[in-house]
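I have placed the structure first, in the form of structure tokens, so that the comments after it can refer back to it.
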Amino acid sequence: MIDHDVIAQATPMPILVAPQAVLRQKTRLVRPEDMGDLRTTIPRMFAAMYAAPGIGLAAPQVGLGMRFAIVDVSDKDEARNPLVLINPEVIAETEDMAVREEGCLSLPNQYAEVIRPEAVRVRYQDMEGKKHELEANGLLATCLQHEIDHLEGILFVDHLSTLKRNMIMRRLAKEQRLKH
């Protein structure tokens, strides 16, 4: 379990913005020897995600090529429900599809409707290395699929038509130029 006090005291990690190359690279599995570093990295990732604000963040988004992600889809008026997914994989998905507007902390201010399986079953490990399976639908299912895509070097815009994807990427590039 993630300690809320540790997250509150953590320095947020910088979130990379597309087209950073690491966002397009497939990650490697987290190994037992990585866990020491993850214990300091993960609270900093939660701090960055909550500050953004966002509901999910994958390792490549903070420049790490490892297979792990964090999510918390709780409403802002609910208690936080941080979830750490180490070496996650989708092991089942429904044939029924759902459309949901998605955004991404690595593509700030860019949103589009994405079609994904309505529900998924995800297998992952927790911080202690214990294996879990999670059945999810709705927003959580979308978030899990989105974050696991990041671990494969896939961005939500890759699920769009070439025209829509190019429009979003051009708009993002323009906004980033205006910021700097």
Side-chain angles (χ1 to χ4, degrees), residues 11-31 33-35 37-38 40-73 83-91 93 97-117 120 122-125 134 136 139-180:
T11 304
M13 295 181 81
I15 297 172
L16 301 179
V17 175
Q20 290 281 338
V22 70
L23 296 171
R24 291 301 194 171
Q25 293 163 1
K26 197 172 157 117
T27 57
R28 70 162 174 83
L29 290 174
V30 172
R31 299 184 285 255
E33 59 268 24
D34 297 322
M35 292 311 296
D37 288 341
L38 262 55
T40 55
T41 299
I42 286 173
R44 294 186 63 210
M45 284 177 67
F46 272 111
M49 182 185 81
Y50 289 142
I55 60 170
L57 192 62
Q61 293 179 272
V62 294
L64 302 172
M66 287 187 273
R67 191 169 184 86
F68 72 95
I70 61 171
V71 300
D72 185 345
V73 297
L83 183 61
V84 177
L85 303 129
I86 296 174
N87 298 327
E89 58 181 331
V90 175
I91 56 172
E93 57 187 36
M97 303 301 268
V99 177
R100 187 177 289 273
E101 185 177 72
E102 291 187 32
C104 179
L105 297 178
S106 291
L107 292 113
N109 305 314
Q110 309 305 315
Y111 302 92
E113 289 193 338
V114 178
I115 302 169
R116 296 185 185 270
V120 292
V122 173
R123 181 181 297 140
Y124 67 96
Q125 293 167 273
L134 174 64
L139 179 60
L140 181 57
T142 298
C143 185
L144 290 170
Q145 293 172 81
H146 178 111
E147 299 312 325
I148 291 170
D149 272 358
H150 273 298
L151 304 177
E152 299 294 331
I154 298 167
L155 300 176
F156 83 91
V157 292
D158 297 334
H159 293 278
L160 307 175
S161 69
T162 304
L163 178 67
K164 278 187 184 169
R165 178 174 53 247
N166 290 342
M167 282 173 48
I168 287 173
M169 295 309 285
R170 277 197 299 272
R171 192 167 56 228
L172 175 65
K174 182 178 178 184
E175 286 180 15
Q176 292 300 306
R177 278 195 306 275
L178 293 174
K179 261 177 80 171
H180 298 291

Notebook entry, point to check: Does a side-chain heavy-atom distance below 4.5 Å link Met66 with Ile86?
Noted result: no
Checklist line | Nearest heavy atoms of Cys104 and Gln61, plus distance in Å | finding: SG-NE2, 3.6 Å
Note to self: To the nearest 0.5 Å, what is the distance between CD on Glu113 and CZ on Phe156?
What the structure shows: 11.5 Å
Item checked: Distance in Å, Thr40 OG1 paired with Met35 CE, rounded so as to fall on 0.5 Å steps -> 10.5 Å
Next item on the list: Find the distance between CD1 (Ile148) and OG1 (Thr27) and round it off to the nearest 0.5 Å.
Entry: 10.5 Å
Margin query: So which atom in Val120 and which in Pro117 form the shortest heavy-atom distance, rounded to 0.1 Å?
Written below: CG1-CB, 4.5 Å
Margin query: Check whether Asn87 reaches the backbone of Val30 with its side chain - one donor and one acceptor, N or O, closer than 3.5 Å.
Written below: yes
Check: Could you go step by step and tell me if Ile42 and Phe68 meet the side chain to side chain contact (heavy atoms under 4.5 Å, CB included) rule?
Finding: CA-CA 9 Å; Ile42 286 173; Phe68 72 95; 3.8 Å; yes
Next item on the list: Tell me, please, which residues at least two apart from Lys164 pass side chain to side chain donor-acceptor pair (under 3.5 Å).
Entry: none
Item checked: Nearest non-hydrogen partners of Gln176 and Pro108, listed with the distance -> NE2-CG, 3.7 Å
Notebook entry, point to check: Among all residues two or more places apart in sequence or in another chain, which pass the side chain to side chain donor-acceptor pair (under 3.5 Å) test with Arg31?
Noted result: Glu33
Check: Between the main-chain N or O of Thr11 and the side-chain N or O of Arg44, is there a donor-acceptor pair closer than 3.5 Å?
Finding: yes
Next item on the list: Only counting residues at least two apart or in another chain, list the ones meeting ring pair (Phe, Tyr, Trp, His ring centres under 6.0 Å) with Phe46.
Entry: Tyr50
Next item on the list: Return the set of residues passing side-chain contact (heavy atoms from CB on, under 4.5 Å) with Leu163 (not counting sequence neighbours), or none when no residue passes.
Entry: Ser161, Met167
Notebook entry, point to check: CG/Leu160 to CD1/Ile115 distance, rounded to the nearest 0.5 angstrom?
Noted result: 9.5 Å
Notebook entry, point to check: Less than 4.0 Å between a side-chain N and a carboxylate O, is that true for Arg24 and Asp158?
Noted result: yes
Checklist line | Pair listing, salt bridge (Lys or Arg N to Asp or Glu O under 4.0 Å) test, anchored in residues 165-177, at least two apart | finding: none
Check: Side-chain contact, heavy-atom cut-off 4.5 Å: Leu144 with Val90?
Finding: no
Notebook entry, point to check: side chain to side chain donor-acceptor pair (under 3.5 Å) with Asp149: which residues, sequence neighbours excluded?
Noted result: Arg116, His159
Notebook entry, point to check: Between Ala52 and Leu105, what is the shortest heavy-atom contact and its length?
Noted result: CB-CD2, 3.5 Å
Checklist line | Note, Glu147 side chain near Val122 side chain (heavy atom, < 4.5 Å) | finding: no
Next item on the list: Determine the minimum heavy-atom distance between Leu151 and Pro88, stating which atoms define it.
Entry: CD1-CG, 3.5 Å
Next item on the list: Could you check Asp34 against Arg28 for side chain to side chain contact (heavy atoms under 4.5 Å, CB included), going step by step and ending with a plain yes or no?
Entry: CA-CA 11 Å; Asp34 297 322; Arg28 70 162 174 83; 2.8 Å; yes
Checklist line | Rounded distance [0.5 Å steps], CG in Leu38 versus CG in Leu64 | finding: 8.0 Å
Check: Between CG of Leu172 and CD of Gln110, what distance do you get to the nearest 0.5 Å?
Finding: 5.0 Å
Notebook entry, point to check: Under 4.5 Å between any side-chain heavy atoms of Met13 and Met49, yes or no?
Noted result: no
Note to self: If you define the side chain from C-beta out and look only at heavy atoms, does anything of Leu83 sit under 4.5 Å from Tyr124?
What the structure shows: yes
Item checked: Other residues, nucleotides, ligands: >12 heavy atoms within 6.0 Å of Leu139 CG -> yes
Item checked: Closest non-hydrogen atom pair between Cys143 and Gly56, with its separation -> SG-CA, 4.1 Å
